[in-house]
Enquirer: 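Take this structure first; my questions come after.
Atoms considered below: every heavy atom in the structure, side chains included; atoms not considered: hydrogens, waters and symmetry mates.
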Amino acid sequence: MVQFVGTKNIADLVASVGLETLLLKLVKYLEQDFSRWEDFDKTPRIAAHAPNGVIELMPASDHDLYAFKFVNGHPENPLHGLQTVTAFGVLANMHTGYPEFLSEMTISTALRTAATSAMAAKYLARKDARTMAMIGLGAQSEFQATAFKTVLGIRHLQVFDIDPEAGAKFSRNLENSGFVITHAPSAEEAVLGADIITTATADKKLATILSDNMVGAGVHLNAVGGDCPGKTELHRDILLKSDIFVEFPPQTRIEGEIQQLDKNYPVTELWQVITGQKTGRSSDKQITLFDSVGFAIEDFSTLRFLRDLVQGTEFYSEIDLIAEPKDPRDLFGLLMKGAAPARERLAETA
Ligand SMILES: NC(=O)c1ccc[n+]([C@@H]2O[C@H](COP(=O)([O-])OP(=O)(O)OC[C@H]3O[C@@H](n4cnc5c(N)ncnc54)[C@H](O)[C@@H]3O)[C@@H](O)[C@H]2O)c1
């Protein structure tokens with residue numbers, strides 16, 4: 001049997017553990033895996049592009065575990081009542097090859113993306129950062145805000161979305177969460193005086209959510225929405241004046257903000273900052289940019305975290321995903337054993 005965690009299970013887990021505690025624990029799992037980056041087999045994700053979106057497979061493995069996530073990105077989906085991003089993921093045993101754990105990853109991707117952003121900001125933002133601007137108040141946004149509050153103590157949010165309904169939803173969801181939220185009439189005004197700027201917009205184009213004049217000295221940029229070829233959020237000039245930190249360069253050079261730069265443009269890998277091999281922020285004047293695209297090791301960590309978290313709880317079920325004949329060679333026999341009662345049932349109803 002394979003353990004299965006669905007969206008209802010995740011909601012129950014969050015209710016039981018508490019969202020902030022859960023995010024802190026997840027950051028620990030991410031840090032553990034980023035600290036042993038070289039143990040992993042890594043590859044850029046495999047993308048199938050449609051004119052209005054993308055479906056991607058994201059595999060990563062170490063000596064013991066293999067993980068993959070199925071995820072899509074369809075920015076026009078909300079117009080039809082559908083999520084921009086949906087996902088599920090699997091954890092398998094490298095020694096037997098058997099899948100052991102299957103989870104929804106739509107909510108979990110929002111959790112892991114927010115936890116990864118906050119983890120990066122812990123190393124890259126100024127220690128005295130207190131105010132975050134958020135541009136794009138869709139599905140990811142409250143998760144981002146909560147992770148930054150939990151990990152960095154951010155309480156002041158200056159926010160903007162082109163859709164006022166998204167802004168109203170954001171405030172409603174974070175009511176009584178301890179935030180002071182200011183709704184700005186434009187992205188330009190939202191970023192005024194902010195120490196950290198998070199962009200999480202969705203549009204399948206080279207957009208300019210932030211232009212050069214909007215980003216001043218000392219700011220940390222958490223650019224989440226540019227994660228696909230032809231889909232970026234920052235003006236190129238911002239990249240040229242920032243120190244750029246990425247997850248996995250071979251993937252980020254295809255999908256991230258840095259697709260706008262020369263393929264050899266210098267970037268720093270986040271895992272090297274976490275392990276102390278490279279410097280993160282070196283001065284209060286520096287502009288740091290986390291060019292987030294989402295990498296498979298983050299999903300590996302999230303699946304590993306969820307698997308560990310649900311053990312001994314009621315927050316999972318077991319599903320009959322793998323055939324388990326008594327004699328492993330008698331797969332056909334198992335089929336016949338199941339087929340006989342099915343034939344009888346069908347004959348009765350005929
Ligand atoms: N880097 C990662 O790991 C990662 C993970 C998940 C999602 N994403 C990306 O993050 C983005 C946000 O995802 P989501 O699920 O929240 O999407 P969503 O569709 O739910 O929300 C996007 C929001 O951006 C707003 N928006 C669009 N253009 C804007 C603009 N010019 N100015 C201000 N607001 C604007 C929309 O009105 C909407 O409210 C997507 O592009 C998604 O692909 C990245």
Enquirer: Ignoring hydrogens, what is the shortest heavy-atom contact between S141 and L137? Give both atom names and the distance.
Expert: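 For S141 and L137, the tightest heavy-atom pair comes out as OG-C, 3.2 Å.
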
Enquirer: First locate atom OG1 of T116, then atom CD of Q144, and finally report the distance between them rounded to the nearest 0.5 Å.
Expert: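 It comes to 9.0 Å.
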
Enquirer: Working note: Y29 + R304, criterion side chain to side chain contact (heavy atoms under 4.5 Å, CB included); need CA distance, chi angles, decisive distance, verdict.
Expert: CA-CA 8 Å; Y29 272 70; R304 197 167 67 75; 3.4 Å; yes

Enquirer: Kindly write out the residues that satisfy ring pair (Phe, Tyr, Trp, His ring centres under 6.0 Å) with F245, not counting sequence neighbours, or none if the list is empty.
Expert: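 Partners of F245 under the ring pair (Phe, Tyr, Trp, His ring centres under 6.0 Å) test: none.
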
Enquirer: In chain order, what residues pass the salt bridge (Lys or Arg N to Asp or Glu O under 4.0 Å) check against E247, with sequence neighbours excluded?
Expert: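 In terms of salt bridge (Lys or Arg N to Asp or Glu O under 4.0 Å), with neighbours along the sequence ignored, E247 is linked to no residue.
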
Enquirer: Considering all heavy atoms of both residues, which atom of A120 and which atom of L270 are nearest to each other, and what is their separation?
Expert: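 Closest heavy-atom pair between A120 and L270: CB-CD2, 3.8 Å.
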
Enquirer: Considering residues at least two apart in sequence or located in another chain, which fulfil the ring pair (Phe, Tyr, Trp, His ring centres under 6.0 Å) criterion with F170?
Expert: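 Applying ring pair (Phe, Tyr, Trp, His ring centres under 6.0 Å) to F170 gives none.
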
Enquirer: Answer with yes or no whether the side chains of E189 and S186 bring together a donor and an acceptor at under 3.5 Å.
Expert: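 A pair is found: one side chain offers a donor N or O, the other an acceptor, under 3.5 Å apart.
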
Enquirer: Could you tell me whether the side chains of Y123 and E31 share a donor-acceptor contact shorter than 3.5 Å?
Expert: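 A donor-acceptor contact under 3.5 Å links the two side chains.
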
Enquirer: So which atom in R36 and which in D62 form the shortest heavy-atom distance, rounded to 0.1 Å?
Expert: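 Answer, listing the atom of R36 first, then D62: NH2-OD2, 3.0 Å.
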
Enquirer: What closest approach, in Å, do M132 and I154 show between heavy atoms, and which atom pair accounts for it?
Expert: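 That would be CB-CG2, 3.8 Å.
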
Enquirer: Would a distance-only check, ignoring hydrogens and angles, find a side-chain to backbone donor-acceptor pair under 3.5 Å from E233 to T201?
Expert: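 Answer holds: yes.
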
Enquirer: Applying side chain to side chain donor-acceptor pair (under 3.5 Å) as the test, list every pair that has at least one member in residues 7-18; sequence neighbours left out.
Expert: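 Of all non-adjacent pairs touching residues 7-18, those that pass side chain to side chain donor-acceptor pair (under 3.5 Å) are K8-D12.
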
Enquirer: Take Q32 and S301 through the side chain to side chain contact (heavy atoms under 4.5 Å, CB included) test and state the conclusion after the steps.
Expert: CA-CA 8 Å; Q32 278 169 6; S301 309; over 6 Å; no

Enquirer: I'd like to know if the side chain of Q3 pairs up with that of Q311 as donor and acceptor (distance under 3.5 Å, no hydrogens or angles considered).
Expert: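 Looking only at side-chain atoms, Q311 and Q3 do form a donor-acceptor pair, the distance falling under 3.5 Å.
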
Enquirer: Are side-chain N/O atoms of E255 and Q251 paired as donor and acceptor at under 3.5 Å?
Expert: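 Indeed, the side chains of E255 and Q251 share at least one donor-acceptor pair under 3.5 Å.
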
Enquirer: In Å and rounded to the nearest 0.5 Å, what is the CG to CG distance from L26 to L22?
Expert: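 Here the rounded value is 6.5 Å.
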
Enquirer: For a quick test of reading the model, state the closest non-hydrogen atom pair linking R253 to N264 and the distance between them.
Expert: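 Closest heavy-atom pair between R253 and N264: NH1-C, 4.1 Å.
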
Enquirer: According to ring pair (Phe, Tyr, Trp, His ring centres under 6.0 Å), who are the partners of F290, at least two apart in sequence or on a separate chain?
Expert: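 Scan of F290 (ring pair (Phe, Tyr, Trp, His ring centres under 6.0 Å), adjacent residues dropped) gives none.
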
Enquirer: Judged by atom type as modelled, is there a donor-acceptor pair below 3.5 Å linking the side chain of D195 to the main-chain atoms of T131?
Expert: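 Here the side-chain-to-backbone pair exists.
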
Enquirer: If hydrophobic residues (ILVMFWY) are linked whenever their side-chain heavy atoms come closer than 4.5 Å, directly or via other members, who joins V191 in its cluster?
Expert: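 Grouped by the 4.5 Å side-chain rule, I135, F160, I162, I197, I209, L210, M214, V215, V219, L221, L234, I238, L239, L240, I244, V246, I258, L261, Y265, V267, I287, L289 form the rest of the cluster around V191.
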
Enquirer: Going by salt bridge (Lys or Arg N to Asp or Glu O under 4.0 Å), name the residues that satisfy it together with D203, two or more places apart in sequence or in a different chain.
Expert: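 Per chain and number, D203 pairs via salt bridge (Lys or Arg N to Asp or Glu O under 4.0 Å) with K205.
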
Enquirer: Does any pair with a residue in residues 48-74 pass ring pair (Phe, Tyr, Trp, His ring centres under 6.0 Å), and if so which ones, sequence neighbours excluded?
Expert: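 Applying ring pair (Phe, Tyr, Trp, His ring centres under 6.0 Å) to every pair that reaches into residues 48-74, excluding sequence neighbours, yields F70-F88.
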
Enquirer: Without hydrogens or angle criteria, can the side chains of E175 and S171 be said to hold a donor-acceptor pair below 3.5 Å?
Expert: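 E175 vs S171: no donor-acceptor pair found between side chains.
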
Enquirer: List, by chain and number, the other hydrophobic cluster members for L206, where Ile, Leu, Val, Met, Phe, Trp and Tyr join if side-chain heavy atoms come within less than 4.5 Å, directly or indirectly.
Expert: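 For L206, no cluster forms, as it stays isolated from other hydrophobic side chains.
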
Enquirer: K337 side chain to L335 main-chain N or O, any donor-acceptor pair under 3.5 Å?
Expert: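 It does not hold such a pair.
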
Enquirer: How long is the span from the CD1 atom in I297 to the CG atom in L30, to the nearest 0.5 Å?
Expert: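 The CG atom of L30 is 10.5 Å from CD1 of I297, to the nearest 0.5 Å.
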
Enquirer: Within this structure, what is the CD1-CZ distance for the pair I181 and R155, rounded to the nearest 0.5 Å?
Expert: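 So the gap between those two atoms works out to 12.5 Å.
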
Enquirer: Does a sphere of radius 6.0 Å around CD in E314 hold more than 12 heavy atoms from other residues, nucleotides or ligands, not counting ones at 6.0 Å or beyond?
Expert: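 It does not: E314 CD has 12 such atoms or fewer within range.
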
Enquirer: Show the numbers, then the answer: is there a side chain to side chain contact (heavy atoms under 4.5 Å, CB included) between L65 and N93?
Expert: CA-CA 5 Å; L65 289 170; N93 183 319; 5.6 Å; no

Enquirer: Evaluate the salt bridge (Lys or Arg N to Asp or Glu O under 4.0 Å) criterion for residues E257 and R236: first the C-alpha distance (whole Å), next the side-chain angles of each, then the deciding distance (0.1 Å), finally the verdict.
Expert: CA-CA 8 Å; E257 296 298 329; R236 186 174 182 274; over 6 Å; no

Enquirer: Measuring from atom CD of Q259 to atom OG1 of T252, what distance do you get when rounded to the nearest 0.5 angstrom?
Expert: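 One finds 10.5 Å between CD of Q259 and OG1 of T252.
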
Enquirer: State which residue, out of T198, T199, T288, fulfils the side-chain hydrogen bond (donor to acceptor under 3.5 Å, both in side chains) condition with N222.
Expert: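 Option passing the side-chain hydrogen bond (donor to acceptor under 3.5 Å, both in side chains) with N222: T198.
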
Enquirer: Could you go through the ring pair (Phe, Tyr, Trp, His ring centres under 6.0 Å) check for Y316 and F101 one step at a time?
Expert: CA-CA 10 Å; Y316 71 91; F101 183 79; 8.0 Å; no

Enquirer: With side-chain hydrogen bond (donor to acceptor under 3.5 Å, both in side chains) as the test, pick out the partner of T86 among N72, T106, N77.
Expert: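 Considering N72, T106, N77, a side-chain hydrogen bond (donor to acceptor under 3.5 Å, both in side chains) with T86 is found only for N72.
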
Enquirer: Apply the test salt bridge (Lys or Arg N to Asp or Glu O under 4.0 Å) to residues D284 and K127: give CA-CA distance (whole Å), side-chain angles for both, the deciding distance (0.1 Å), then the verdict.
Expert: CA-CA 9 Å; D284 280 354; K127 293 284 169 263; over 6 Å; no

Enquirer: For D243, check side chain to side chain donor-acceptor pair (under 3.5 Å) against everything at least two apart and list the hits.
Expert: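 Testing D243 for side chain to side chain donor-acceptor pair (under 3.5 Å), a comparison that skips the adjacent residues, returns Q286.
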
Enquirer: Tell me whether R281 contacts the main-chain N or O of S283 through its side chain, where contact means a donor paired with an acceptor under 3.5 Å.
Expert: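 Checking the backbone N and O of S283 against the side chain of R281, a donor-acceptor pair under 3.5 Å is found.
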
Enquirer: Return yes if a side-chain donor-acceptor contact under 3.5 Å exists between T302 and K69, otherwise no.
Expert: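 Side chains of T302 and K69: no pair found under 3.5 Å.
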
Enquirer: Heavy atoms only: give me the nearest K231-G225 pair and the separation to one decimal.
Expert: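 Residues K231 and G225, closest heavy atoms: NZ-O, 2.8 Å.
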
Enquirer: Does anything in residues 289-298 form a side chain to side chain donor-acceptor pair (under 3.5 Å)? List the pairs, not counting sequence neighbours.
Expert: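 Applying side chain to side chain donor-acceptor pair (under 3.5 Å) to every pair that reaches into residues 289-298, excluding sequence neighbours, yields nothing.
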
Enquirer: For atom NZ of K241, is the number of surrounding heavy atoms from other residues, nucleotides or ligands below 6.0 Å larger than 12?
Expert: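 Atom NZ in K241 is crowded, with more than 12 foreign heavy atoms closer than 6.0 Å.
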
Enquirer: At what distance, to the nearest 0.5 angstrom, does CD of E269 lie from CD of Q272?
Expert: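 If I round to the nearest 0.5 Å, the distance is 5.0 Å.
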
Enquirer: Walk me through it: do F143 and L23 pass the test side chain to side chain contact (heavy atoms under 4.5 Å, CB included)?
Expert: CA-CA 9 Å; F143 295 87; L23 282 164; 5.9 Å; no

Enquirer: For A114, is there any backbone N or O sitting under 3.5 Å from a side-chain donor or acceptor partner on S117?
Expert: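 Answer holds: no.
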
Enquirer: Just wondering, are more than 12 heavy atoms of other shown residues or ligands nearer than 6.0 Å to NZ in K25?
Expert: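 No.
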
Enquirer: Considering only Ile, Leu, Val, Met, Phe, Trp and Tyr, and joining two whenever side-chain heavy atoms are under 4.5 Å apart, list the other residues clustered with V54.
Expert: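 ILVMFWY cluster around V54 holds nothing else.
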
Enquirer: Between W37 and F295 (judged by ring centroids, cut-off 6.0 Å), do the two rings come close enough to count as a pair?
Expert: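 Under 6.0 Å, so yes.
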
